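Structure, as structure tokens:
Numbers here are sequence positions counted from 1. All values derive from a computational prediction rather than experimental measurement.
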Amino acid sequence: MHLDSENAEPTYQEFSLDRPGKIIFVGHHLSTGTQVKCLIRTITLAGAVLEVNPSVEVPNHFFLEILGIHDELGATVVKREAELVTISFNMLINAEFLHHVLRLNFEV
């Protein structure tokens, strides 16, 4: 990790993932009813870039589920450009968890 001298925001190594996921909408009292499929293009300890159908509205705050992993990650939309949605995780994910996610792509 290093600090960008212009805005002093930490930067994290980005990994190509291209793994299916689900955006889980957060409803009243944290209920989770509506889900939308997405493709997780890249991931870091701090966030990810998702590909979502451009006609689908994505809420500002939601849970992200990565296919094959039963944990849900709290996330916030940072930017949206057509089908690409850049998100930040509400908390940094654990490096071991990220390693596990990346390892899933190589299992047969």
Side-chain angles (χ1 to χ4, degrees):
M1 174 175 86
H2 72 277
L3 294 179
D4 182 346
S5 59
E6 279 188 34
N7 60 15
E9 290 291 322
T11 57
Y12 300 94
Q13 184 175 359
E14 188 172 42
F15 299 94
S16 180
L17 189 61
D18 292 329
R19 188 167 189 83
K22 286 185 208 168
I23 294 171
I24 303 169
F25 291 41
V26 180
H28 190 64
H29 295 296
L30 298 179
S31 63
T32 55
T34 305
Q35 299 181 359
V36 174
K37 292 180 182 180
C38 66
L39 183 63
I40 305 163
R41 288 292 187 185
T42 62
I43 192 167
T44 71
L45 293 173
V49 174
L50 313 177
E51 185 175 315
V52 181
N53 183 325
S55 66
V56 171
E57 283 199 38
V58 176
N60 286 334
H61 304 282
F62 58 88
F63 291 111
L64 176 67
E65 183 180 313
I66 302 168
L67 184 69
I69 298 181
H70 299 290
D71 288 333
E72 297 167 349
L73 304 168
T76 301
V77 173
V78 173
K79 171 175 71 170
R80 177 150 191 187
E81 294 177 355
E83 72 276 355
L84 296 180
V85 180
T86 303
I87 63 167
S88 65
F89 298 130
N90 295 347
M91 296 180 2
L92 291 178
I93 59 174
N94 183 294
E96 289 180 27
F97 176 81
L98 178 58
H99 181 70
H100 174 68
V101 169
L102 295 170
R103 226 180 29 237
L104 284 176
N105 280 353
F106 296 103
E107 292 178 0
V108 179

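Distance check: I69 CD1 to F97 CZ gives 4.5 Å after rounding to the nearest 0.5 Å. How far CG of L92 is from OG1 of T44: 8.0 Å, rounded to the nearest 0.5 Å. Distance check: N94 CG to H99 NE2 gives 11.5 Å after rounding to the nearest 0.5 Å. Distance check, rounded to the nearest 0.5 Å: CZ of F63 to CD1 of I23 gives 13.5 Å. The CG atom of L73 lies 9.5 Å from the CD atom of E65; values are rounded to the nearest 0.5 Å. With values rounded to the nearest 0.5 angstrom, R103 atom CZ is found 9.5 Å from E96 atom CD.
In the hydrophobic cluster analysis, where Ile, Leu, Val, Met, Phe, Trp and Tyr join through side-chain heavy atoms closer than 4.5 angstrom, L45 is grouped apart from V49. Hydrophobic clustering (ILVMFWY, side-chain heavy atoms < 4.5 Å, transitive): Y12 and L102 are in one cluster. In the hydrophobic cluster analysis, where Ile, Leu, Val, Met, Phe, Trp and Tyr join through side-chain heavy atoms closer than 4.5 angstrom, L98 is grouped apart from L67.
Using a 4.5 Å cut-off on side-chain heavy atoms (C-beta onward), V56 and C38 make no contact. By the 4.5 Å heavy-atom criterion applied to side chains, I93 and V101 are not counted as neighbours. Annotation: side chain of T34 is not in contact with side chain of F62 (no heavy-atom distance under 4.5 Å). Using a 4.5 Å heavy-atom cutoff, the side chains of T86 and R80 are not in contact. In this structure the side chain of L50 reaches within 4.5 angstrom of the side chain of L64, judged on heavy atoms.
Of all heavy-atom pairs spanning F25 and E57, the tightest one is CZ-O, 3.6 Å. The two residues I40 and P20 make their nearest non-hydrogen contact at CD1-O, 4.2 Å. A75 and I87 get closest at one heavy-atom pair: CB-CD1, 3.8 Å.
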Working for side-chain contact (heavy atoms from CB on, under 4.5 Å), residues R19 and L39 = CA-CA 6 Å; R19 188 167 189 83; L39 183 63; 5.6 Å; no

Derivation and outcome, side-chain contact (heavy atoms from CB on, under 4.5 Å), residues I43 and I66 | CA-CA 11 Å; I43 192 167; I66 302 168; 4.2 Å; yes

Is there a side-chain contact (heavy atoms from CB on, under 4.5 Å) between E51 and L84 once you walk through the steps?
-> CA-CA 5 Å; E51 185 175 315; L84 296 180; 4.3 Å; yes

